[in-house]
Protein chains: 2
Amino acid sequence: MVQKGLDAMDNIYLTIYNQLVQQIESGRLRPQSKLPSEYELTKMYDTSRETVRKALNLLAQNGYIQKVKGKGSFVLNVNQMEFPVSGLVSFKELTQRLGKESRTKVISLKAMAPDESVAAHLNISPSQPVWQVIRTRSFQDEAIILDKDHFRQDIVPELTTEICEDSIYEYLERRLDKPISFAKKVITVEEPSEEDWELLDFDGYPMIVVVKNYVYLEDATLFQYTESRHRPDKFRFVDFARRYH
Amino acid sequence: MVQKGLDAMDNIYLTIYNQLVQQIESGRLRPQSKLPSEYELTKMYDTSRETVRKALNLLAQNGYIQKVKGKGSFVLNVNQMEFPVSGLVSFKELTQRLGKESRTKVISLKAMAPDESVAAHLNISPSQPVWQVIRTRSFQDEAIILDKDHFRQDIVPELTTEICEDSIYEYLERRLDKPISFAKKVITVEEPSEEDWELLDFDGYPMIVVVKNYVYLEDATLFQYTESRHRPDKFRFVDFARRYH
DNA sequence: CAGTGGTCTAGACCACGAT
DNA sequence: TCGTGGTCTAGACCACTGG
């Protein structure tokens with residue numbers, strides 16, 4: 001699994017979680033170091049132990065810390081931010097966190113009827129209109145990733161080139177107040193299409209890594225289907241998994 | 001992210017979690033259907049609401065259900081078991097759940113000093129001995145996956161061909177009482193090595209998917225490093241990720 | 001022994017959806 | 001309004017680690 005979220009609010013436990021994440025990612029809390037005990041955290045945040053524990057459990061499940069009975073909670077070095085595919089974080093958020101230099105180029109943006117395959121992936125009728133956005137992502141002046149997004153038009157009524165160049169997620173959550181809730185990714189390796197050859201700096205690679213991304217709103221509506229096509233030499237995906245005993 | 005664990009015990013919330021997982025995976029609880037309300041579950045399991053909620057939160061984080069305020073908890077169809085790489089579940093457990101026909105062949109098993117690269121991955125000195133296990137996994141008589149495991153010998157003192165053909169995880173947890181706690185996977189795509197050509201049924205694929213797997217015990221000791229090399233046409237990885245608001 | 005995390009409880013108040 | 005999930009509390013008891 002992976003880092004899986006952002007943003008704070010008035011929740012106490014999410015505030016604690018986000019502050020600790022920030023401290024771990026910034027290096028202020030070093031790997032191997034011990035967090036304050038749960039009791040100490042209840043005093044620091046003036047809250048109850050179960051609330052503190054909610055925050056720590058989130059940290060543990062996302063690979064930031066390991067809790068050891070009788071000893072304490074310790075920072076793991078397992079969860080360095082990873083690029084370019086990692087959890088449910090937008091491209092803009094990722095590049096910002098990593099301080100990477102990147103460029104997004106909008107190849108095309110249009111409202112259309114979905115083709116059969118896209119309609120099937122989005123689980124809608126082919127008569128229901130969608131936005132199609134095709135973008136490339138470049139690093140050091142090489143186009144490495146080809147993103148083909150499809151959005152249900154009834155949920156995202158308006159979309160502009162400016163929004164696509166910036167961050168569609170930000171637009172959805174901040175402007176449209178449609179918070180994204182969860183996503184499923186499927187990673188496979190396929191033969192490159194002509195489009196891949198055309199739009200990416202391909203250097204003759206014989207295969208391409210395809211990340212299919214299904215994105216859902218809080219009421220479990222599937223509203224976005226994206227295919228992210230990555231040049232294999234630049235692809236890297238990190239997963240963190242816990243076993244329950 | 002992914003399904004991430006197994007096994008019940010005397011925990012109430014893990015019992016609830018495992019029973020609901022079982023009902024969802026078996027199809028007895030269908031996608032879209034509504035779970036009993038938290039209040040009803042407290043009566044069914046004769047426990048408190050926070051305990052029920054712990055179970056439901058695990059289900060939500062692992063992609064089994066979506067909770068909707070004011071309405072209830074609903075089964076997602078997002079988390080069909082996936083093959084062959086998915087969370088922290090052993091190969092044996094996966095094939096058993098899926099009823100897939102597979103064969104594991106032990107190519108070599110030996111105690112040795114780790115080479116530089118393995119020592120670095122395991123974060124140990126090159127003088128510290130390890131077990132090296134090389135296995136292939138076949139489906140329909142095609143060798144599709146090459147697994148190269150390395151175990152710290154101070155933690156796994158004994159290993160036999162029989163154990164490697166069955167399940168090393170089962171041996172560790174049941175016989176040695178060393179419960180596995182978490183793992184980090186790194187997925188990349190590389191050029192095949194001569195060993196890949198030799199040991200896999202390769203059909204001329206020009207690239208190979210490499211899954212590096214770092215496995216930790218409950219005290220956060222890194223004790224296993226595995227490289228899983230997959231023929232690209234048979235590779236598929238599924239991730240489930242949630243965003244916190 | 002004291003300090004730590006793991007589990008569980010019984011109850012409170014809130015926000016949302018359906019009626 | 002009622003039933004749902006979301007957050008929070010104050011306290012209990014247990015199991016493990018360490019001195």
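First the proteins, then the strands, lettered A, B, ... as listed; each starts at 1.
The nearest whole Å value for the distance from the CG atom in Asp219(B) to the P atom in dG18(D) is 10 Å. At whole-Å resolution of the value, CZ in Phe74(B) and P in dG3(D) are 17 Å apart. In this structure, the CD atom of Glu38(B) is 14 Å from the C1' atom of dA15(C), given to the nearest Å. Between the C1' atom of dG5(D) and the CD1 atom of Ile65(B) lies a distance of 11 Å, rounded to the nearest Å. In this entry the distance linking NZ of Lys43(A) with P of dA10(D) reads 15 Å, nearest Å. We find that OH of Tyr39(A) is positioned 13 Å from P of dG5(C), with the value rounded to whole Å. Rounded to whole angstrom, the span from the CD atom of Gln61(A) across to the C1' atom of dG5(C) amounts to 16 Å. Nucleotide dG17(C) holds its P atom 15 Å from the NZ atom of Lys34(B), rounded to whole Å.
Listed nucleotides: dA12(D), dC8(C), dG5(D). Nearest to the side chain of Arg49(B): dG5(D). Candidate nucleotides dA15(D), dG6(D), dA10(C) were compared by shortest atom distance to the side chain of Arg53(B), and dG6(D) ranks first. Comparing dC8(D), dC8(C), dG6(C) by their closest approach to the side chain of Ile12(A) singles out dC8(D). Picking from dG5(C), dC8(D), dT7(D) the nucleotide with the shortest atom distance to the side chain of Asn11(A) gives dT7(D). Each of dT4(C), dC8(D), dT7(D) was ranked by its minimum atom distance to the side chain of Thr51(A); first place goes to dC8(D). Ranking dT4(D), dG6(C), dC8(C) by closeness to the Ser37(B) side chain, first place goes to dT4(D).
Taking for each of Val68(A) and Lys54(A) the nucleotide of DNA chain D with the nearest heavy atom, the 5'-most of the two is the partner of Lys54(A). Mapped onto DNA chain C by nearest heavy atom, Lys71(A) and Asp46(B) fall at different nucleotides, with Lys71(A) at the one closer to the 5' end. Nearer to the 5' terminus of DNA chain C, by closest-nucleotide assignment, is the contact made by Gly72(A) (compared with the other of Gly72(A) and Glu50(A)).
To the nearest 0.5 angstrom, Asn18(A) atom CG is 9.0 Å from Leu59(A) atom CG.
Salt-bridge formation is detected for the pair Lys67(B)/Glu38(B): a Lys NZ or Arg NE/NH1/NH2 atom is positioned less than 4.0 Å from an Asp or Glu carboxylate oxygen. At a threshold of 4.0 Å, the pair Glu173(B)-Arg243(A) counts as salt-bridged, since one of the basic side-chain nitrogens sits closer than that to a carboxylate oxygen.
Among the candidates Trp131(A), Tyr214(A), Tyr216(A), the single residue satisfying the ring-ring contact (aromatic ring centres under 6.0 Å, His included) test with Tyr225(A) is Tyr214(A).
Neither OP1 nor OP2 of dT4(C) sits under 4.0 Å from any side-chain N or O of Ser73(A). Contact annotation: Lys69(A) side-chain N/O to dT17(D) OP1/OP2 distance is not under 4.0 Å. Taking only side-chain nitrogens and oxygens, Tyr13(B) never comes nearer than 4.0 Å to OP1 or OP2 of dC8(C).
Heavy atoms only, all atoms of each residue included: Lys71(A) and Lys34(A) are closest at O-CE, 3.2 Å.
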